[in-house]
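In what follows, a structure is listed as C-alpha coordinates, so that the remarks can point back to it.
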Amino acid sequence: MNYKEVITTITELLTDQLVVCANGLISREAFTIRDRTENFYMIGSMGMASSIGLGIALNKPSRKVIILEGDGNLLMNPGSLPMTGALHPVNLLHIVLDNEVYASTGNQPTISSKIELEEFAKSAKYAYVKKVTTNEELRGEIVHALKNEGPSFLLVKISDTAEQIEIGRVTHSPEQIKERFMSAM
Amino acid sequence: MFKSEEFVQKLIDSGFDFFTGVPCSIIGNVINNLTERHDVTYVPAVREDAAVGVASGAYMAGKMPVVLMQNSGLGQCLNTLTSLNLIYKLPCLLIVTWRGFEGKDAPEHLVMGRTCAKLLDLVEIPYFTFNPDNIRSFINHAHNLIVENSGPVALFLKKGVID
(Lines give C-alpha, C1' and ligand atoms only; values in the text may rest on other atoms or scores of the structure.)
Protein backbone atom coordinates (compact mmCIF):
# COMPACT_ATOMS: atom_id res chain seq x y z
CA MET A 1 0.00 0.00 0.00
CA ASN A 2 1.08 3.56 -0.59
CA TYR A 3 0.03 6.79 1.10
CA LYS A 4 -2.46 7.75 -1.56
CA GLU A 5 -4.18 4.36 -1.54
CA VAL A 6 -4.41 4.33 2.27
CA ILE A 7 -5.74 7.86 2.62
CA THR A 8 -8.19 7.25 -0.24
CA THR A 9 -9.52 4.10 1.48
CA ILE A 10 -9.90 5.89 4.82
CA THR A 11 -11.55 8.92 3.21
CA GLU A 12 -14.08 6.75 1.34
CA LEU A 13 -15.30 5.28 4.62
CA LEU A 14 -15.77 8.62 6.40
CA THR A 15 -19.09 10.32 7.07
CA ASP A 16 -19.08 13.08 9.72
CA GLN A 17 -16.02 12.02 11.72
CA LEU A 18 -13.62 14.76 12.88
CA VAL A 19 -10.12 14.07 11.53
CA VAL A 20 -6.90 15.63 12.80
CA CYS A 21 -4.37 15.32 9.95
CA ALA A 22 -0.69 15.56 10.91
CA ASN A 23 1.63 18.10 9.33
CA GLY A 24 3.50 17.30 6.12
CA LEU A 25 2.45 14.87 3.42
CA ILE A 26 -0.47 13.44 5.38
CA SER A 27 -2.33 16.77 5.49
CA ARG A 28 -1.39 17.53 1.90
CA GLU A 29 -2.54 14.13 0.65
CA ALA A 30 -5.79 14.21 2.65
CA PHE A 31 -6.52 17.72 1.36
CA THR A 32 -5.79 16.73 -2.26
CA ILE A 33 -7.83 13.51 -2.22
CA ARG A 34 -10.93 15.02 -0.62
CA ASP A 35 -11.02 18.30 1.27
CA ARG A 36 -13.57 18.11 4.12
CA THR A 37 -14.64 20.76 6.63
CA GLU A 38 -14.30 18.03 9.28
CA ASN A 39 -10.54 17.82 8.57
CA PHE A 40 -8.12 19.81 10.74
CA TYR A 41 -4.91 20.19 8.73
CA MET A 42 -1.79 20.79 10.78
CA ILE A 43 0.99 22.70 9.06
CA GLY A 44 3.39 22.85 12.02
CA SER A 45 3.64 21.60 15.64
CA MET A 46 4.90 18.17 14.58
CA GLY A 47 3.94 15.45 17.03
CA MET A 48 0.86 17.25 18.33
CA ALA A 49 -1.83 15.54 16.19
CA SER A 50 -2.42 12.93 18.88
CA SER A 51 -2.62 15.53 21.65
CA ILE A 52 -4.97 17.81 19.69
CA GLY A 53 -7.15 14.81 18.84
CA LEU A 54 -7.21 13.74 22.47
CA GLY A 55 -8.33 17.23 23.56
CA ILE A 56 -11.17 17.15 21.02
CA ALA A 57 -12.24 13.58 21.83
CA LEU A 58 -12.43 14.29 25.57
CA ASN A 59 -14.65 17.32 25.01
CA LYS A 60 -16.84 16.06 22.13
CA PRO A 61 -17.92 12.61 23.34
CA SER A 62 -20.82 12.58 20.85
CA ARG A 63 -18.45 12.59 17.84
CA LYS A 64 -15.93 10.08 16.55
CA VAL A 65 -12.48 11.66 16.42
CA ILE A 66 -9.75 10.27 14.16
CA ILE A 67 -6.06 11.07 14.44
CA LEU A 68 -4.18 10.52 11.19
CA GLU A 69 -0.43 10.74 11.65
CA GLY A 70 2.84 9.09 10.62
CA ASP A 71 5.51 7.09 12.40
CA GLY A 72 7.73 10.17 12.61
CA ASN A 73 4.92 12.12 14.27
CA LEU A 74 4.23 9.38 16.79
CA LEU A 75 7.89 8.94 17.67
CA MET A 76 8.11 12.67 18.40
CA ASN A 77 5.32 12.58 21.00
CA PRO A 78 5.02 8.95 22.18
CA GLY A 79 3.86 10.21 25.59
CA SER A 80 0.46 10.90 24.07
CA LEU A 81 -0.17 7.13 23.92
CA PRO A 82 -0.24 6.53 27.70
CA MET A 83 -2.20 9.78 28.13
CA THR A 84 -4.84 8.43 25.72
CA GLY A 85 -4.83 4.99 27.32
CA ALA A 86 -5.22 6.46 30.81
CA LEU A 87 -7.94 8.96 29.90
CA HIS A 88 -9.59 6.36 27.65
CA PRO A 89 -11.84 8.36 25.30
CA VAL A 90 -14.04 5.68 23.70
CA ASN A 91 -14.72 7.90 20.67
CA LEU A 92 -11.06 8.05 19.55
CA LEU A 93 -9.48 6.21 16.60
CA HIS A 94 -5.73 6.70 16.25
CA ILE A 95 -4.33 5.75 12.82
CA VAL A 96 -0.57 5.69 12.28
CA LEU A 97 0.70 5.45 8.69
CA ASP A 98 4.08 3.78 9.09
CA ASN A 99 6.40 4.05 6.09
CA GLU A 100 9.57 3.96 8.23
CA VAL A 101 10.76 7.28 6.83
CA TYR A 102 10.32 11.04 7.22
CA ALA A 103 8.63 11.27 3.81
CA SER A 104 7.96 15.02 3.89
CA THR A 105 11.65 15.89 4.17
CA GLY A 106 12.95 13.42 1.59
CA ASN A 107 12.58 9.92 3.03
CA GLN A 108 15.25 9.93 5.72
CA PRO A 109 14.76 6.76 7.83
CA THR A 110 12.88 6.87 11.14
CA ILE A 111 13.61 4.12 13.68
CA SER A 112 10.24 2.41 13.25
CA SER A 113 11.66 -0.46 11.14
CA LYS A 114 13.29 -1.68 14.37
CA ILE A 115 10.42 -0.88 16.73
CA GLU A 116 6.92 -2.34 16.87
CA LEU A 117 4.82 0.76 17.32
CA GLU A 118 1.61 -1.21 17.89
CA GLU A 119 3.19 -2.65 21.04
CA PHE A 120 3.42 0.91 22.42
CA ALA A 121 -0.34 1.24 22.03
CA LYS A 122 -0.99 -2.15 23.63
CA SER A 123 1.08 -1.36 26.70
CA ALA A 124 -0.52 2.10 26.83
CA LYS A 125 -3.90 0.36 27.32
CA TYR A 126 -5.70 1.26 24.12
CA ALA A 127 -8.89 -0.82 24.03
CA TYR A 128 -8.26 -2.19 20.52
CA VAL A 129 -4.95 -2.43 18.64
CA LYS A 130 -4.32 -3.82 15.13
CA LYS A 131 -1.55 -3.80 12.57
CA VAL A 132 -2.61 -3.94 8.91
CA THR A 133 -0.58 -4.48 5.76
CA THR A 134 -3.20 -4.79 3.00
CA ASN A 135 -5.94 -2.53 1.70
CA GLU A 136 -8.56 -5.19 2.44
CA GLU A 137 -7.47 -5.46 6.07
CA LEU A 138 -7.38 -1.69 6.35
CA ARG A 139 -10.94 -1.36 5.06
CA GLY A 140 -12.22 -4.03 7.46
CA GLU A 141 -10.47 -2.51 10.47
CA ILE A 142 -11.65 1.04 9.74
CA VAL A 143 -15.26 -0.19 9.44
CA HIS A 144 -14.83 -2.09 12.71
CA ALA A 145 -13.24 0.83 14.56
CA LEU A 146 -15.86 3.32 13.38
CA LYS A 147 -18.63 1.09 14.75
CA ASN A 148 -17.03 0.04 18.02
CA GLU A 149 -15.81 1.76 21.15
CA GLY A 150 -12.13 2.59 21.55
CA PRO A 151 -9.72 4.11 22.05
CA SER A 152 -8.56 2.16 18.99
CA PHE A 153 -5.13 2.14 17.39
CA LEU A 154 -4.41 1.07 13.81
CA LEU A 155 -0.84 0.73 12.59
CA VAL A 156 -0.88 0.82 8.79
CA LYS A 157 2.32 -0.35 7.14
CA ILE A 158 3.06 1.67 4.01
CA SER A 159 5.35 0.03 1.47
CA ASP A 160 5.95 2.82 -1.06
CA THR A 161 7.45 6.18 -0.41
CA ALA A 162 5.34 9.08 -1.60
CA GLU A 163 6.17 11.20 -4.64
CA GLN A 164 5.91 14.48 -2.81
CA ILE A 165 6.32 16.69 -5.87
CA GLU A 166 2.92 15.64 -7.19
CA ILE A 167 1.06 16.46 -4.01
CA GLY A 168 -0.48 19.91 -3.65
CA ARG A 169 -0.30 22.02 -0.52
CA VAL A 170 -3.26 22.95 1.70
CA THR A 171 -4.52 26.22 0.25
CA HIS A 172 -6.64 27.34 3.25
CA SER A 173 -5.00 29.66 5.78
CA PRO A 174 -4.47 28.29 9.30
CA GLU A 175 -7.30 30.50 10.60
CA GLN A 176 -9.64 29.27 7.86
CA ILE A 177 -8.74 25.65 8.69
CA LYS A 178 -9.61 26.28 12.35
CA GLU A 179 -12.84 28.15 11.66
CA ARG A 180 -14.20 25.59 9.20
CA PHE A 181 -13.26 22.75 11.52
CA MET A 182 -14.97 24.39 14.49
CA SER A 183 -18.09 25.06 12.43
CA ALA A 184 -18.18 21.35 11.51
CA MET A 185 -18.67 20.54 15.22
CA MET B 1 -1.07 35.02 50.30
CA PHE B 2 -3.88 34.05 47.96
CA LYS B 3 -5.69 30.77 48.65
CA SER B 4 -5.41 28.07 45.96
CA GLU B 5 -9.13 27.31 46.17
CA GLU B 6 -10.00 30.95 45.70
CA PHE B 7 -7.59 31.19 42.76
CA VAL B 8 -9.18 28.20 41.04
CA GLN B 9 -12.69 29.54 41.73
CA LYS B 10 -11.73 32.90 40.24
CA LEU B 11 -10.47 31.18 37.06
CA ILE B 12 -13.70 29.21 36.74
CA ASP B 13 -15.86 32.29 37.44
CA SER B 14 -13.98 34.13 34.67
CA GLY B 15 -14.99 31.47 32.14
CA PHE B 16 -12.11 29.00 32.08
CA ASP B 17 -13.46 25.46 32.06
CA PHE B 18 -10.72 23.06 30.93
CA PHE B 19 -7.40 22.57 32.72
CA THR B 20 -4.29 20.63 31.86
CA GLY B 21 -0.59 20.89 32.61
CA VAL B 22 2.49 19.57 34.33
CA PRO B 23 2.97 20.20 38.08
CA CYS B 24 5.35 22.56 39.86
CA SER B 25 5.58 22.80 43.66
CA ILE B 26 4.42 26.44 43.48
CA ILE B 27 1.07 25.33 42.02
CA GLY B 28 0.88 21.93 43.73
CA ASN B 29 -2.21 22.91 45.74
CA VAL B 30 -3.88 24.49 42.70
CA ILE B 31 -3.55 21.21 40.80
CA ASN B 32 -4.73 19.22 43.83
CA ASN B 33 -7.77 21.45 44.06
CA LEU B 34 -8.51 21.12 40.33
CA THR B 35 -8.17 17.34 40.54
CA GLU B 36 -10.64 17.13 43.44
CA ARG B 37 -13.32 19.27 41.78
CA HIS B 38 -16.16 17.67 39.85
CA ASP B 39 -17.30 20.74 37.91
CA VAL B 40 -14.17 21.05 35.72
CA THR B 41 -11.68 18.66 34.14
CA TYR B 42 -7.95 18.61 34.89
CA VAL B 43 -5.97 16.45 32.45
CA PRO B 44 -2.50 15.51 33.72
CA ALA B 45 -0.12 15.88 30.76
CA VAL B 46 3.20 14.11 30.24
CA ARG B 47 4.93 17.18 28.80
CA GLU B 48 4.08 20.83 28.41
CA ASP B 49 3.75 20.66 24.61
CA ALA B 50 1.29 17.76 24.94
CA ALA B 51 -0.66 19.92 27.42
CA VAL B 52 -0.80 22.81 24.94
CA GLY B 53 -1.90 20.38 22.20
CA VAL B 54 -4.68 18.91 24.37
CA ALA B 55 -5.75 22.44 25.37
CA SER B 56 -5.92 23.46 21.70
CA GLY B 57 -8.15 20.49 20.91
CA ALA B 58 -10.31 21.34 23.91
CA TYR B 59 -10.68 24.93 22.68
CA MET B 60 -11.83 23.79 19.24
CA ALA B 61 -14.34 21.49 20.98
CA GLY B 62 -15.83 24.49 22.78
CA LYS B 63 -13.80 24.90 25.97
CA MET B 64 -11.73 27.82 27.28
CA PRO B 65 -8.50 26.15 28.39
CA VAL B 66 -5.80 26.82 30.98
CA VAL B 67 -2.34 25.21 30.82
CA LEU B 68 -0.35 25.10 34.07
CA MET B 69 3.42 24.65 33.99
CA GLN B 70 6.79 25.63 35.39
CA ASN B 71 8.82 28.12 33.31
CA SER B 72 11.15 25.25 32.37
CA GLY B 73 8.18 23.94 30.38
CA LEU B 74 8.03 27.06 28.21
CA GLY B 75 11.05 25.81 26.29
CA GLN B 76 9.38 22.45 25.90
CA CYS B 77 6.24 23.88 24.29
CA LEU B 78 7.65 26.82 22.35
CA ASN B 79 7.23 25.18 18.92
CA THR B 80 3.62 24.24 19.65
CA LEU B 81 2.84 27.79 20.78
CA THR B 82 4.48 29.36 17.71
CA SER B 83 3.46 26.91 14.97
CA LEU B 84 0.01 26.02 16.30
CA ASN B 85 -1.55 28.51 18.73
CA LEU B 86 -0.12 31.73 17.30
CA ILE B 87 -0.77 30.98 13.62
CA TYR B 88 -4.17 29.26 13.96
CA LYS B 89 -5.17 31.79 16.65
CA LEU B 90 -5.98 29.18 19.28
CA PRO B 91 -6.44 30.78 22.70
CA CYS B 92 -5.25 29.43 26.03
CA LEU B 93 -4.20 30.87 29.37
CA LEU B 94 -0.70 29.77 30.33
CA ILE B 95 -0.13 29.87 34.09
CA VAL B 96 3.63 29.69 34.35
CA THR B 97 5.48 29.47 37.64
CA TRP B 98 8.55 31.72 37.72
CA ARG B 99 11.33 29.59 39.15
CA GLY B 100 14.73 31.31 39.30
CA PHE B 101 13.17 34.74 39.86
CA GLU B 102 15.94 37.28 40.70
CA GLY B 103 18.50 34.48 40.71
CA LYS B 104 17.29 32.97 43.98
CA ASP B 105 16.82 29.29 43.17
CA ALA B 106 18.58 26.04 42.29
CA PRO B 107 21.10 26.24 39.40
CA GLU B 108 18.84 24.52 36.86
CA HIS B 109 16.30 27.35 37.18
CA LEU B 110 18.62 30.32 36.81
CA VAL B 111 18.89 30.70 33.02
CA MET B 112 15.15 30.35 32.42
CA GLY B 113 14.53 32.51 35.50
CA ARG B 114 16.48 35.35 33.83
CA THR B 115 15.06 34.83 30.34
CA CYS B 116 11.50 33.45 30.45
CA ALA B 117 9.84 36.86 30.12
CA LYS B 118 12.21 37.87 27.28
CA LEU B 119 11.41 34.58 25.57
CA LEU B 120 7.70 35.47 25.49
CA ASP B 121 8.55 39.00 24.28
CA LEU B 122 10.50 37.46 21.40
CA VAL B 123 7.64 35.24 20.25
CA GLU B 124 5.08 38.00 20.95
CA ILE B 125 3.00 36.24 23.57
CA PRO B 126 1.53 38.79 26.02
CA TYR B 127 2.19 38.14 29.71
CA PHE B 128 1.53 39.52 33.17
CA THR B 129 3.06 38.82 36.53
CA PHE B 130 0.80 38.03 39.49
CA ASN B 131 1.02 39.80 42.82
CA PRO B 132 -1.37 39.01 45.68
CA ASP B 133 -3.11 42.38 45.25
CA ASN B 134 -3.59 42.25 41.48
CA ILE B 135 -4.50 38.61 41.02
CA ARG B 136 -8.27 39.13 40.66
CA SER B 137 -8.14 41.93 38.12
CA PHE B 138 -5.39 40.18 36.13
CA ILE B 139 -7.41 37.00 35.66
CA ASN B 140 -10.31 39.07 34.27
CA HIS B 141 -7.94 41.07 32.11
CA ALA B 142 -6.23 37.93 30.79
CA HIS B 143 -9.58 36.39 29.86
CA ASN B 144 -10.60 39.52 27.95
CA LEU B 145 -7.22 39.68 26.19
CA ILE B 146 -7.41 36.01 25.18
CA VAL B 147 -10.85 36.53 23.68
CA GLU B 148 -9.78 39.79 21.93
CA ASN B 149 -6.47 38.47 20.55
CA SER B 150 -7.66 34.91 20.03
CA GLY B 151 -4.30 33.56 21.13
CA PRO B 152 -2.25 32.47 24.12
CA VAL B 153 -1.63 34.79 27.10
CA ALA B 154 0.74 33.96 29.97
CA LEU B 155 0.49 34.77 33.65
CA PHE B 156 3.72 34.40 35.62
CA LEU B 157 3.37 33.22 39.18
CA LYS B 158 6.23 33.76 41.62
CA LYS B 159 6.77 31.75 44.77
CA GLY B 160 4.76 32.98 47.77
CA VAL B 161 1.80 34.51 45.92
CA ILE B 162 -0.47 31.46 46.21
CA ASP B 163 -0.44 29.07 49.16
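No experiment lies behind these values; they were computed from the predicted model shown. In what follows, chains carry the letters A, B, and so on, assigned in the order in which the sequence lines appear, proteins first and then strands, with residues in each chain numbered from 1.
The residue from B/Val46, B/Thr80, B/Leu84, B/Val54 that alone fulfils the side-chain contact (heavy atoms from CB on, under 4.5 Å) condition with A/Ser51 is B/Val54.
Neither the backbone nor the side chain of B/Thr20 comes within contact range of chain A; no heavy atoms are under 4.5 Å apart. Contacts of A/Ile43 with chain B are made by both backbone and side-chain atoms, with heavy-atom separations under 4.5 Å. B/Ala51 does not touch chain A: none of its heavy atoms, backbone or side chain, sits under 4.5 Å away. For chain A, the nearby parts of B/Lys89 are the backbone and the side chain; heavy atoms of each come within less than 4.5 Å. With a 4.5 Å cut-off on non-hydrogen atoms, B/Tyr59 touches chain A through its backbone and its side chain both.
The number of heavy-atom neighbours closer than 6.0 Å to NZ of B/Lys10, taken from other residues, nucleotides and ligands shown, is above 12. Residue A/Glu136 places its CD atom among 12 or fewer non-hydrogen atoms of other residues, nucleotides or ligands, all under 6.0 Å distant.
Following chains of ILVMFWY side-chain contacts shorter than 4.5 Å, one cannot reach A/Met42 starting from A/Leu68, and the two form parts of different hydrophobic clusters. Grouping the Ile, Leu, Val, Met, Phe, Trp and Tyr side chains by contacts below 4.5 angstrom, directly or via other members, places A/Phe31 apart from A/Ile26. Under the 4.5 Å side-chain heavy-atom criterion for Ile, Leu, Val, Met, Phe, Trp and Tyr, A/Tyr126 and A/Tyr128 are members of distinct hydrophobic clusters. B/Leu34 and B/Met69 sit in two unconnected hydrophobic clusters of ILVMFWY residues. Membership requires side-chain heavy atoms under 4.5 Å apart, directly or through other members. B/Leu81 and B/Phe18 fall into different hydrophobic clusters, where Ile, Leu, Val, Met, Phe, Trp and Tyr residues are linked whenever their side-chain heavy atoms come under 4.5 Å apart, directly or through other members.
Looking only at heavy-atom pairs under 4.5 Å with chain B, the residue among A/Arg63, A/Met83, A/Lys60 that has the most is A/Met83. Among B/Ser56, B/Pro65, B/Gly53, the residue with the largest count of heavy-atom pairs under 4.5 Å with chain A is B/Gly53. Taking chain A as the reference chain and counting heavy-atom pairs below 4.5 Å, the highest number among B/Ala45, B/Ala50, B/Pro44 is found for B/Ala50.
A distance of 5.5 Å separates CE of B/Met60 from CZ of A/Phe181, quoted to the nearest 0.5 Å. Separation of atoms CE (A/Met46) and CG (B/Asp49) is listed at 12.5 Å; rounding is to 0.5 Å.
The side-chain heavy atoms of A/Leu58 and B/Thr41, taken from C-beta on, include no pair separated by under 4.5 Å. The side-chain heavy atoms of A/Asn77 and B/Arg47, taken from C-beta on, include no pair separated by under 4.5 Å. Contact annotation: the side chain of A/Met48 never approaches that of B/Val52 to less than 4.5 Å [non-hydrogen atoms, C-beta and beyond].
Residues A/Gly44 and B/Ser83 approach most closely at C-OG, 3.6 Å, considering heavy atoms.
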